[in-house]
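Single-structure report; data block below.
Whatever order the structure lists ligands and atoms in, that order sets their numbers, starting from 1. These numbers come from a predicted model, not from an experiment.
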Amino acid sequence: MAVKCSRCSGNAVIYLPYGNENLCRKHFVESYERRVMRAVREFRMIKKGDRIGAAVSGGKDSLSMLHILKKICDSMRVELVALSVDEGIKGYREKTLKVARENCKKLEVEHRVLSFKKEIGVTVDEISKKKERMRTCSYCGVFRRWILNKAAREMELNKLAVGHNLDDTAQSILMNFLRNEPFRLARLGPAGGIIEDEFFVDRIKPLMMIPERESAVYSIIKGMNVEFGRCPYAHEAFRSRVRVFLNELEEEFPGTKFRVVNSFMSLKNSIEKQFRTNEKPVKCRECGELSSQEICMRCKMLKELTV
Ligand code: SF4
């Protein structure tokens, strides 16, 4: 017999173990959207006059985020632009970019594609041939952040929304603790951060309190065309171990990921205070972008690739 929704007589489509609730399509969509909107409001992610860039990869998280941001931005008359990055990953990125393009067209959101080859001069496929496969993600992450920040600033966007979900956030928190990297920990959080400079575009994370599998369900219910494939380089060993560990704990003790993130949030202000500095970040000597050192990470890594 079909399991019934805990809030009505409809058939349930999802079980939320942390709330011990079964929800039908209608009540799940309402609950999902309400929680995203609550996070946006609570952490003051969007205000009138903002110009928001949404980083859209074509996966379930970024597309679900884009659909809700479109509603929020329209109701607040805030400008929204979608930005996708083409890292040059053959057999994978073409599909996700196509999906991103189609969704933006349907939602009538302006869409820009930024390319590694054009902005950095090298693709991820080329990097993977020069460096060990395991390190590809480190290069990709640094280059992508650099490209997005530069493009957002040049387009006069003042905030960049990224689709990091609860699972990503809980993993990052734990990884930074386990690696003893409190400075990186201080940079996590739903909005803003420890870098205050008009050259740096603030990040916002509307899905930070949404479990990963719920965005998959939301995107299917809403009939979005989503690419569920995984990047062929997604092998970061340490993150994978932490992911499995957290998933096992979540299975046995529902709500674990929420508790990790909520514990971090209660410490966040003091961690931020400790690492907030009055020293202004400098401009990189090579590329002119913001950096904590004379030469930024992007330029150092680019040099590494040419030796
Ligand atoms: Fe880049 Fe790694 Fe993400 Fe693939 S998995 S897009 S290589 S960061």
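Of all the atoms in ligand 1, the ones that sit under 4.0 Å from a non-hydrogen atom of Tyr233 are 7 (S). Of all the atoms in ligand 1, the ones that sit under 4.0 Å from a non-hydrogen atom of Ala234 are 5 (S).
Remark: minimum distance from atom 2 (Fe) of ligand 1 to any protein heavy atom is reached at Cys137 SG, 2.3 Å. In this structure, atom 1 (Fe) of ligand 1 lies nearest to the protein heavy atom Cys140 SG, 2.3 Å.
In this model, no donor atom of one side chain and acceptor atom of the other lie less than 3.5 Å apart for Tyr92 and Asp125. Checked by atom type, the side-chain pair Lys257/Asn247 shows a donor-acceptor distance below 3.5 Å.
The closest donor-acceptor contact from the side chain of Arg51 to the backbone of Glu156 lies under 3.5 Å.
Rounded to the nearest 0.5 Å, atoms CD1 (Ile127) and OH (Tyr233) are 9.0 Å apart.
When non-hydrogen atoms are compared, ligand 1 lies under 4.0 Å from the side chain of Cys231 (C-beta onward) but not from its backbone.
At least one heavy atom of Arg144 sits under 4.0 Å from some atom of ligand 1.
Screening Arg184, His164, Arg239 against Ser172 for a side-chain hydrogen bond (donor to acceptor under 3.5 Å, both in side chains) leaves a single residue, Arg239.
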